[in-house]
Amino acid sequence: MGQIRVYGGRPLQGTVRISGAKNAVLPVMVASLLTEEPCYLQEVPRLLDVVTCCHLLRSLGTEISWQGREMVLSTPRLAGIEAPYEYVRQMRASFLVAGPLLARAGRAVVALPGGCAIGSRPVDQHLKGLAAMGANIEVAHGLVRAHCRRLRGASIYLDLPSVGATENLIMAASLADGVTVIENAACEPEVVDLANFLTAMGARVSGAGTRTVRIEGVRRLSGGRHTVIPDRIEAGTYLVAVAATGGRVRLENVIAEHLTAVTAKLQELGARISATGSTLVIEREPGGYPASNVRALPYPGFPTDLQPQMAALLTQAEGVSVITDNVFDSRFLYTEELRRMGANIRNEGRSAIIGGPTPLTGAQVRATDLRAGAALVIAGLVAEGETEIGQIHHLERGYEDLVGKLSSLGAVIGYTAPKSHFLGA
Ligand code: EPZ
């Protein structure tokens, strides 16, 4: 695996088109398991996680093909009911197959996700909801084994508004016998996108996007057509990058209302942002940022998936800024890498304390997770000199053509060939 090299100090200028949302397309692809009929998806982003999801679904019997830029998924019959650790380890969203497999086949064997670089990743809320719907669940040897004759509707209160648990349970409930009500559900736009796709398949889902979702189970679902919503986290990453480097960039294929918390924060920091239809334009001169506090919360709060990127920007703010992540318990591994670039940042529990402004200098760093990688790219765009970022497979999981898109905006960025450790000294 190669590295990404970034040379800092240039403003970003031009137009970038935002791709379909990683965190919407994954549950939507998994939802195709709920029907024997073909499903047609537009705006599927070219991401490593989409490839992993294709491998997982194919192992379960799904036929996947492309008609131009349209992905076609069809599972006329299931060939398996297991999501082995090799997939779950690579991509935690693999756990979303549990609900659909139980709903369709009455059985599921899914590996428990381990922890990861952003904290412990339990699935207790997923399991609590499936058990409430009548699934018999056994957890042993790192596997969740579940079975039931037919899921039945239930009232479920989530201890916390888990995105994945909400999505898993909506999918399971769509074929259950009776009505399911999920309280304290996640409201993220990606949950709404999944609900819209399920509705196109004939499911009866109401309240998606609010804290209370009601699903009236049906006997069967048909295939459906769906256009995946734009990726608000990709868009937010570019907005933060422009705020950090200065410049003027037009983002196309954006739903501005999904980014309100982000655009409001960036405007506090002096960025000028205007929205017209599905386009956002951001403009900012470099420098002169006031210190600011960011609190990552469930939607519609500031997204946890953009807090690392904000940290990179706030290294340039004048004064002390504090970023607190109330969603994940340890999503600050990236602070070590930013410190190596000269940032005055330290992690205290669920917060990062950032003193600024500090001039950043290019260095060799590594991406510890997808969004940490994005933070390092932004830091590299601001730093003096060259930054080389390793472990870039993390970035390729969630950003379509990041290097190409940033290059088209004037960034000096590219891939370096993997270093061969066997040639020469
Ligand atoms: C989704 O992860 C996203 N991934 C994450 O994006 C995102 O950060 C997260 O939601 C929060 O918005 C996908 O959609 C594929 P959660 P998910 O269940 O579903 C705890 C990215 O960078 N929890 O809402 O795993 C959990 O430990 C990724 O694109 C339980 O305690 O998130 C965490 O602290 C990273 N028990 C919090 O809830 C459970 O059963 C939020 O988790 C489930 C979760």
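These numbers come from the heavy atoms of this one structure, side chains and all, not from hydrogens, waters or symmetry mates. Indexing begins at 1, ligand by ligand and atom by atom, following the structure's order.
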### Query
Hey, is the main chain of Tyr157 close enough, under 3.5 Å, to the side chain of Lys128 for a donor-acceptor pair?
yes

### Query
Does Arg340 reach the main-chain N or O of Gln364 with its side chain, forming a donor-acceptor pair under 3.5 Å?
yes

Checking a contact table here: which protein heavy atom is nearest [atom], and how many Å away?
atom                    : value
atom 40 (O) of ligand 1 : Gln125 N, 2.7 Å
atom 34 (O) of ligand 1 : Val327 O, 2.6 Å
atom 2 (O) of ligand 1  : Arg121 NH2, 3.7 Å
atom 20 (C) of ligand 1 : Leu160 CD1, 3.9 Å
atom 27 (O) of ligand 1 : Ser120 O, 3.1 Å
atom 36 (N) of ligand 1 : Asp124 OD1, 2.7 Å
atom 5 (C) of ligand 1  : Asp305 OD2, 3.9 Å

### Task
Evaluate the side-chain contact (heavy atoms from CB on, under 4.5 Å) criterion for residues Gln307 and Phe328: first the C-alpha distance (whole Å), next the side-chain angles of each, then the deciding distance (0.1 Å), finally the verdict.
CA-CA 11 Å; Gln307 64 92 335; Phe328 286 106; over 6 Å; no

Polar-atom distance check: [X] versus ligand 1, any N or O pair below 3.5 Å?
X      : answer
Phe328 : no
Thr304 : no
Ala165 : no

For [atom], state which one of [options] supplies the nearest heavy atom.
atom                    : options                        : result
atom 43 (C) of ligand 1 : Pro27, Ala296, Pro122          : Pro122
atom 24 (O) of ligand 1 : Val163, Leu96, Leu127          : Val163
atom 29 (O) of ligand 1 : Glu188, Glu234, Arg371, His394 : Arg371

### Message
Give me the atom names and distance for the closest heavy-atom approach of Ala291 to Val320.
### Response
CB-O, 3.5 Å

### Task
May I ask you to decide whether Glu37 forms a salt bridge with Arg220, counting only side-chain N to carboxylate O separations under 4.0 Å?
yes

### Message
Closer than 4.0 angstrom, basic N to acidic O: yes or no for Arg92 and Asp49?
### Response
no

### Summary
ligand 1 to Gly164, heavy atom cutoff 4.0 Å, flagged ligand atoms 18 (O), 19 (O)

### Message
When you measure from the heavy atoms of Asp329 to every atom of ligand 1, does any distance fall below 4.0 Å?
### Response
no

